[in-house]
Asks: 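If you scroll down you'll find the structure; I have some questions about it.
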Amino acid sequence: MGEGKPFFITTPIYYVNDRPHIGHAYTTLACDVLARFKRLEGFNVRFLTGTDEHGQKVEKSARAAGLAPGDFTDQVSQNFRDLAKTMGFSNDDFIRTTERRHILACQALWNELVQRDQIYLGRYAGWYSVRDEAFWGEDELSMGPDGGRLAPTGAAVEWVEEPSYFFRLSRWQEPLLRLYEARPDFIAPDSRRNEVISFVRMGLSDLSVSRTTFTWGVPVPGDAGHVMYVWLDALANYLTALGYPETGGVFARHWPADLHMVGKDIVRFHAVYWPAFLLAAGLAPPRRVFAHGWWTNEGQKISKSVGNVIDPLALVERYGLDPVRYFLLREVPFGNDGDFSHRVLVNRMNGELANEFGNLAQRTLSLIERQCAGRVPEPGDFLPEDETLLTAAHGLLERVRPVLDRQAFHEALDILWSVVRGSNGYIDRQAPWALRKTNPARMATVLYVLAETLRHLGLLMLPFVPGSAGRLLDQLAIAPAARTFAAVGPAGALSAGTPLPKPHGIFPRFTV
RNA sequence: GGCGGAGUAGCUCAGUGGUAGAGCAGGGGAAUCAUAAUCCCUUGGUCGGGGGUUCAAAUCCCUCCUCCGCUACCA
């Protein structure tokens with residue numbers, strides 16, 4: 001496993017001021033499926049997630065909670081580790097920006113940028129709203145009744161000037177455009193790529209990368225009055241986790257990242273600022289950034305003020321982990337926005353998992369249990385209809401791989417289900433329960449073909465529904481060592497005569 | 001305002017020049033091994049409106065309508 005080709009995949013680090021919601025679960029889930037898939041293919045995978053713990057809002061929340069910022073983030077970052085556990089995420093590391101390794105990495109990156117003349121000290125000036133904690137552009141402001149300027153949010157703004165370090169982003173406009181041009185799959189989906197390119201084409205000016213208005217952040221080396229801009233701090237986590245500033249070993253093997261998975265709201269930071277920082281520091285930009293969509297809740301936009309935030313832990317509690325994982329990736333073409341609905345989730349869970357797939361496994365395994373003395377049946381010669389189904393099962397990996405390489409989870413599941421549906425058609429046409437009396441040898445062959453097909457479905461579903469797929473493979477007596485994509489195809493076929501455990505349901509139906 | 005995307009069956013979507021597709025939902029039938037699950041058949045669309053190119057357009061061009069995204073320093 002450690003010998004395989006490297007694969008480095010990341011989630012954004014999550015801002016601890018938020019409570020974990022379905023969006024966090026969704027992003028990490030997508031990465032988890034890819035990480036598991038690559039591991040089954042033999043890649044040397046590093047799957048990274050973590051928490052972003054600096055910034056003014058955290059500092060303020062900590063104060064409101066009567067805690068030191070460090071104690072506060074210790075508490076709230078635990079929520080995200082709990083989420084990872086509940087969702088069955090297989091991350092290899094969990095990084096926190098308050099860790100010493102990260103602060104050292106950030107400062108090393110900063111020094112590198114300074115040495116390369118990519119950062120200089122200037123002044124940042126603009127209209128600042130204390131209430132919004134944000135700067136607003138001149139053209140966004142309106143005049144209030146008393147002649148004062150107002151932000152679009154209605155908050156009063158004041159002219160603020162502070163010393164600030166700037167990153168020479170303006171120098172990187174052309175190199176970035178060349179990068180996007182040379183690597184069409186650097187940003188996905190295409191709609192986001194277009195947006196990023198047009199954004200960069202409009203021109204880039206230097207970026208303020210330090211703040212003096214708060215202290216909860218990574219201190220700027222050599223200037224204790226400043227802390228680093230949160231995004232420079234946050235993005236650097238991807239380097240920290242590979243041991244930066246040490247650039248040999250793990251770093252040399254796994255950088256650049258194969259995929260940064262992000263929500264569509266932060267695509268700019270990952271597809272513009274981040275590659276610019278890296279190029280400026282003499283490091284390679286990541287290979288790909290995928291910006292996925294957002295969920296609505298029963299047709300309504302999700303917002304904290306409306307109070308319709310979806311808690312992934314509650315979903316798992318109610319429906320079970322694998323149905324939730326399956327639904328999130330099956331329901332929506334990945335990259336699009338999607339609508340969460342209990343009714344639709346239950347439809348998918350019952351219709352596809354329980355009825356089509358779970359019941360297929362159950363009827364097949366029950367027949368083997370009862371008609372074949374609970375052992376893998378001995379197949380005879382395969383007929384064309386047997387070959388058709390087996391060929392489809394054997395070909396699943398080759399069909400699913402390219403689809404997952406472009407993060408099309410819904411298509412991958414669609415491909416898997418084409419074989420599930422094919423199997424249901426096959427079992428009905430072959431009717432092994434009728435062959436039992438007329439042609440037991442033929443019945444054995446049919447059940448063998450079905451068991452082999454189930455083995456492939458189980459293997460390919462491991463990344464998506466690891467618990468359920470694992471239970472299916474248990475029932476086929478597949479040894480742990482054989483749960484890898486190396487076992488796909490006839491070479492890894494089930495041995496006739498292998499005793500099987502008593503079958504039991506893989507996917508329960510949901511009933512109220 | 002500028003740039004970009006989308007509008008196809010009740011719902012979610014596929015389909016980029018050659019007689020309109022899938023899944024779900026609806027209707028009918030078969031089977032009874034199985035988590036009353038499954039299988040087969042089937043109703044349903046003038047492909048947003050209008051104009052044009054072409055032997056032929058959902059697919060190319062023009063125009064209009066509607067919806068959505070982006071339009072720099074909160075994350």
Side-chain angles (χ1 to χ4, degrees), chain A residues 12-18 52 54-58 124 126 128-129 131-137 139-140 153 164 166-167 169-170 189-209 211 229-234 263-269 272-273 291 293 330-333 336-339 341 343-344 347-348 350-371 410-411 414 417-418 420-421 423-436 443 446-447 450 503-511:
Chain A
I13 46 176
Y14 301 118
Y15 202 54
V16 287
N17 231 27
D18 244 348
D52 180 7
H54 288 136
Q56 191 167 24
K57 285 192 181 175
V58 172
Y124 186 46
Y128 184 76
S129 155
R131 200 176 82 190
D132 302 329
E133 291 177 18
F135 283 91
W136 298 97
D139 53 346
E140 293 177 294
T153 56
S164 171
F166 283 83
F167 169 69
L169 183 63
S170 56
D190 284 344
S191 52
R192 298 298 158 201
R193 178 170 184 268
N194 292 341
E195 286 176 7
V196 167
I197 289 173
S198 72
F199 173 79
V200 174
R201 279 207 181 117
M202 280 188 295
L204 299 172
S205 45
D206 292 348
L207 185 68
S208 164
V209 288
R211 295 293 135 90
Y229 171 51
V230 281
W231 271 104
L232 179 56
D233 170 355
K264 63 182 184 180
D265 52 325
I266 57 174
V267 66
R268 181 197 306 156
F269 300 96
V272 181
Y273 301 164
R330 172 68 254 235
E331 178 61 18
V332 180
N336 290 7
D337 287 351
D339 183 44
S341 144
R343 187 182 62 77
V344 175
N347 272 354
R348 294 266 183 208
N350 286 351
E352 293 172 10
L353 292 179
N355 296 351
E356 290 185 321
F357 187 49
N359 183 56
L360 169 71
Q362 185 69 11
R363 64 202 302 209
T364 300
L365 293 167
S366 298
L367 283 165
I368 291 175
E369 158 84 5
R370 221 156 314 129
Q371 307 306 329
H410 62 297
E411 288 184 48
D414 207 43
W417 249 256
S418 71
V420 171
R421 292 185 173 127
S423 301
N424 275 319
Y426 173 85
I427 195 174
D428 267 42
R429 283 191 304 277
Q430 302 305 317
W433 50 88
L435 292 168
R436 168 176 50 163
M443 175 197 74
V446 166
L447 292 177
L450 285 164
H504 49 265
I506 309 291
F507 291 109
R509 288 176 62 79
F510 181 82
T511 49

Asks: Could you check A/Ile427 against A/Trp433 for side-chain contact (heavy atoms from CB on, under 4.5 Å), going step by step and ending with a plain yes or no?
Replies: CA-CA 9 Å; A/Ile427 195 174; A/Trp433 50 88; 3.8 Å; yes
Asks: Mind checking what makes side-chain contact (heavy atoms from CB on, under 4.5 Å) contact with A/Glu352, not counting sequence neighbours?
Replies: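 A/Glu352 satisfies side-chain contact (heavy atoms from CB on, under 4.5 Å) with A/Tyr326, A/Arg330, A/Arg348, A/Glu356, A/Trp417, A/Arg421 once adjacent residues are dropped.
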Asks: Checking side chain to side chain contact (heavy atoms under 4.5 Å, CB included) against A/Pro503, which of A/Leu367, A/Ile368, A/Thr364, A/Leu365 comes through?
Replies: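 Among the candidates, only A/Leu365 passes.
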Asks: By the 4.0 Å heavy-atom rule, please label A/Gly425 as base, sugar-phosphate, or nothing.
Replies: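 Counting heavy atoms under 4.0 Å across all strands, the contact made by A/Gly425 is with sugar-phosphate only.
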Asks: If you look at every strand shown and take non-hydrogen atoms under 4.0 Å, does A/Leu204 touch a base, only sugar-phosphate, or nothing?
Replies: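 It contacts base atoms.
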Asks: For A/Ser191, report the nucleic acid contact type (base, sugar-phosphate, nothing); a contact means any heavy atom under 4.0 Å.
Replies: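 Touches nothing.
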Asks: Answer yes or no: does a side-chain N or O of A/Arg363 lie under 4.0 Å from OP1 or OP2 of B/U35?
Replies: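 False: A/Arg363 side-chain N/O out of range (4.0 Å or more) of B/U35 OP1/OP2.
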Asks: For A/Arg370, which contact category applies under a 4.0 Å heavy-atom criterion: base, sugar-phosphate, or nothing?
Replies: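 Since only primed, P, OP1 and OP2 atoms lie under 4.0 Å of A/Arg370, the category is sugar-phosphate.
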Asks: Any idea which of B/G4, B/A75, B/U35 is nearest the A/Gln362 side chain?
Replies: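 Taking heavy atoms from C-beta onward, the closest nucleotide is B/U35.
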Asks: Under the rule for side-chain hydrogen bond (donor to acceptor under 3.5 Å, both in side chains), what residues qualify as partners of A/Tyr229, not counting sequence neighbours?
Replies: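 If we apply the side-chain hydrogen bond (donor to acceptor under 3.5 Å, both in side chains) test to A/Tyr229, skipping adjacent residues, there are no hits.
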Asks: Less than 4.0 angstrom between a side-chain N/O of A/Trp433 and OP1 or OP2 of B/U32, yes or no?
Replies: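 A/Trp433 to B/U32 OP1/OP2: no side-chain N or O under 4.0 Å.
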Asks: Quick one, give me the B/S/- string for nucleotides 22-29 of chain B, reading 5' to 3', where B means a protein heavy atom under 4.0 Å from the base and S means that only happens at the primed atoms, P, OP1 or OP2.
Replies: -S------
Asks: Of the nucleotides B/U35, B/C73, B/C33, which one has an atom closest to the side chain of A/Phe507?
Replies: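 For the A/Phe507 side chain, the nearest candidate turns out to be B/U35.
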